[in-house]
Amino acid sequence: MNLNFRENPWRLMLAVNVAVLIGGFLYKITLTPYVPYLHLLVDYHFGFTKRALIGAIVSLFGDKVPVWAVFALGGAIWLVTAGLFVKLFRRTFGFGREHLPLFVLSAGSPFFLKNFIYTLGHFDIYGCAVAIALLLVPARSVAFVIAAAMASMILILVHHIHFLMYVPTIAVIVVLRYYLVQGLTRPNAAVGVVAALAVVGLFFAAQFYGTMAVPAAEFVAHLEGRIADPSQADLLRYTHAFAYIWYQPLAQEIRDTWQRMPANLLGVPVFALLIWLHAPVWQYFAQLTSALSIELHRRIVIAGIIGVSAAYLVMFAMVFDYSRWISNWVVCLFLILHAVKMLPASREVSLVPTGDRRTTIFGWIVTIIPRVGIVRPF
């Protein structure tokens, strides 16, 4: 690899991205993780409960939950996800000099690993890790379909929003990696239908039957009993203030989202600009799709992208964490790109150019942006 940064600035961009990641983590651990910590307190003490799987697993190791557990768990899954993506990129493309622009614009994107640092402790990254793992494991038998369905159901138990956030992308990966390669038969189609029905059924169970059934005071008392340091008044106040999450019906969530909609829509131009800065990736993605050797494959890829995007539009109408949704949508497109690359192509497609001035400028801008955020840009 060329060590001259003037001739090969992409290597320097990687180093800057690492520095930004470290800085982002050091900043994150100075903040009190109110929402992620509250999620670790909730378990299955009162029966089947939405958003409770991770908290239930944590409860197996002790009745009390320290605040540092948020950073420990979040940091661990972040490292796993980053490692899986590096392995995936190496397998799909390699790490030659010509591959660095694509790697920097995806792995170094403020939508991806850097934003997962900022949202450390939130459950979005679990869906991303599962999707990457499904891009890495063999997809030669119907066991791949079953494994994907089981993983999707676990994600829904972690947080039912995964049904819209990562399960559609997992479904696209299953179709592209298994059904388009192995062919559709009556047995594997039946397995796919049963798997899909099981995933959908669990989502509706979590959405409509996972609401807390006991009085709020009893639920809050249980959560307070799991706080490792009850002297932290802020955590106690936050537990009281946000316990409604486990009681709020879907209709109220939608009303809250639409009340915030005018203010949140002000961030759309910023999101559009950030997406445009990844134009070299989107151009490569479009060329890769058009180069597929089978017309049906091209149509299914396009339909899959539309389906994933439609799921995010539904989520936009229901929950107001817009920066998170936009970020995860872009990550889903990055992962689908890898699945498309695995399909047979009729011709080679030129990678993102290393010496193009516009691409280099976009690379530097993407590199220095530390995150997109949770609700509004930055």
Side-chain angles (χ1 to χ4, degrees), residues 81-82 84-86 88-89 91-93 99 101-116 119 124-136 148 155 161-177 180 268 270-292 297-316 321-343 345 349 351-352 359 362-363 366 369 371-372 377:
T81 304
L84 288 174
F85 185 75
V86 169
L88 173 65
F89 195 92
R91 178 181 295 184
T92 308
F93 298 103
H99 302 112
L102 181 60
F103 184 73
V104 168
L105 289 169
S106 53
S109 169
F111 289 117
F112 192 10
L113 295 174
K114 289 185 288 193
N115 210 57
F116 280 144
T119 61
D124 312 4
I125 194 170
Y126 288 88
C128 178
V130 168
I132 297 174
L134 290 171
L135 287 167
L136 287 168
L155 289 175
I161 199 69
H162 277 297
F163 182 74
L164 294 171
M165 189 162 51
Y166 276 100
V167 169
T169 297
I170 289 172
V172 171
I173 291 171
V174 169
V175 171
L176 299 187
R177 291 205 63 210
L180 292 191
V268 170
V270 180
F271 295 138
L273 175 61
L274 291 172
I275 292 170
W276 176 69
L277 291 173
H278 296 74
V281 178
W282 311 137
Q283 292 166 1
Y284 174 69
F285 197 172
Q287 294 169 7
L288 199 64
T289 302
S290 65
L292 293 176
H297 289 187
R298 291 195 289 273
R299 293 179 180 177
I300 291 177
V301 168
I302 294 171
I305 293 172
I306 292 173
V308 168
S309 302
Y312 274 92
L313 285 175
V314 173
M315 194 158 51
F316 260 58
D321 288 358
Y322 282 7
S323 290
R324 285 171 62 197
W325 309 155
I326 285 284
S327 298
N328 283 286
W329 174 69
V330 172
V331 171
C332 287
L333 295 183
F334 288 161
L335 300 184
I336 293 173
L337 183 152
H338 284 261
V340 173
K341 177 63 176 173
M342 298 176 188
L343 294 172
V349 176
L351 289 164
V352 176
T359 303
F362 284 1
V366 164
I369 297 176
R371 64 176 185 265
V372 176

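Judged by distance alone, with hydrogens and angles left aside, the side-chain atoms of Arg91 form a donor-acceptor pair with the main-chain N or O of Leu136 at under 3.5 Å. The backbone N or O of Phe103 sits less than 3.5 Å from a side-chain atom of Ser106, completing a donor-acceptor pair. The main-chain N or O of Leu288 is never found under 3.5 Å from a side-chain atom of Lys341 such that the two would form a donor-acceptor pair. Between the His99 side chain and the Phe93 main chain, a donor and an acceptor come within less than 3.5 Å of each other. The backbone N or O of Met165 sits less than 3.5 Å from a side-chain atom of Tyr312, completing a donor-acceptor pair. A distance-only check finds no donor-acceptor pair linking the side chain of Arg371 to the backbone of Pro110 [under 3.5 Å].
Leu335 and Ala131 make their closest contact through CD1-CB, 3.7 Å (heavy atoms, listed as atom of the first residue, atom of the second, distance). Listed here is the closest heavy atom pair of Thr169 and Cys332: OG1-SG, 3.0 Å. Pairing each heavy atom of Met342 with each of Thr92, the nearest pair is CE-OG1, 4.2 Å. Closest heavy-atom contact between Val104 and Val366: O-CG1, 4.4 Å. Of all the heavy atoms in Ala339 and Leu176, the pair that sits closest is CB-CD1, 3.8 Å. For the pair Lys114 and Ile369, the tightest heavy-atom approach, listed with the atom from each and the gap, is NZ-O, 3.0 Å.
To the nearest 0.5 angstrom, Leu277 atom CG is 9.0 Å from Leu105 atom CG. With rounding to the nearest 0.5 angstrom, the CG atom of Asp124 is 9.5 Å from the SG atom of Cys128. Of the inter-residue distances, the one linking Leu292 atom CG with Ile300 atom CD1 reads 10.5 Å to the nearest 0.5 angstrom. Rounding to the nearest 0.5 angstrom, the gap separating the CG atom in Leu351 from the CD atom in Gln287 is 10.0 Å. The line from CD1 of Ile173 to CG of Leu134 is 6.0 Å long, rounded to the nearest 0.5 Å. Asn328 contributes atom CG, which lies 10.5 Å from atom CG of Asp321 (distance to the nearest 0.5 angstrom).
Trp276 has its ring centre less than 6.0 Å from the ring centre of Phe362. Here Tyr126 and His162 keep their ring centres 6.0 angstrom or further from each other. Checked against the 6.0 Å centroid threshold, Phe334 and Trp282 count as a close aromatic pair.
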Practice item. Check step by step if ring pair (Phe, Tyr, Trp, His ring centres under 6.0 Å) holds for Phe112 and Phe85. Key: CA-CA 11 Å; Phe112 192 10; Phe85 185 75; 4.9 Å; yes
Exercise for review: Dump the intermediate steps for side-chain contact (heavy atoms from CB on, under 4.5 Å) on Trp325 and Ile161, then the final yes or no.
Suggested key: CA-CA 10 Å; Trp325 309 155; Ile161 199 69; 4.2 Å; yes
Exercise for review: Evaluate the criterion side-chain contact (heavy atoms from CB on, under 4.5 Å) for residue pair Ile305 and Phe285; output intermediate values, then yes/no.
Suggested key: CA-CA 11 Å; Ile305 293 172; Phe285 197 172; 3.8 Å; yes
Exercise for review: Take Arg324 and Trp329 through the test side-chain contact (heavy atoms from CB on, under 4.5 Å) and record every step on the way to the result.
Suggested key: CA-CA 9 Å; Arg324 285 171 62 197; Trp329 174 69; over 6 Å; no
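Applying the salt bridge (Lys or Arg N to Asp or Glu O under 4.0 Å) rule to pairs touching residues 276-288 yields nothing, sequence neighbours excluded. Within the structure, salt bridge (Lys or Arg N to Asp or Glu O under 4.0 Å) pairs that include any residue of residues 104-113 do not occur (at least two apart or interchain).
With contacts defined as side-chain heavy-atom distances shorter than 4.5 Å, the pair Val372/Val330 does not qualify.
A side-chain hydrogen bond (donor to acceptor under 3.5 Å, both in side chains) with Asn115 holds for exactly one of Ser327, Ser323, Ser109; it is Ser327.
Ring-plane geometry between Phe111 and His278 is classed as tilted, the angle between the planes lying from 30 to 60 degrees on a 0 to 90 degree scale.
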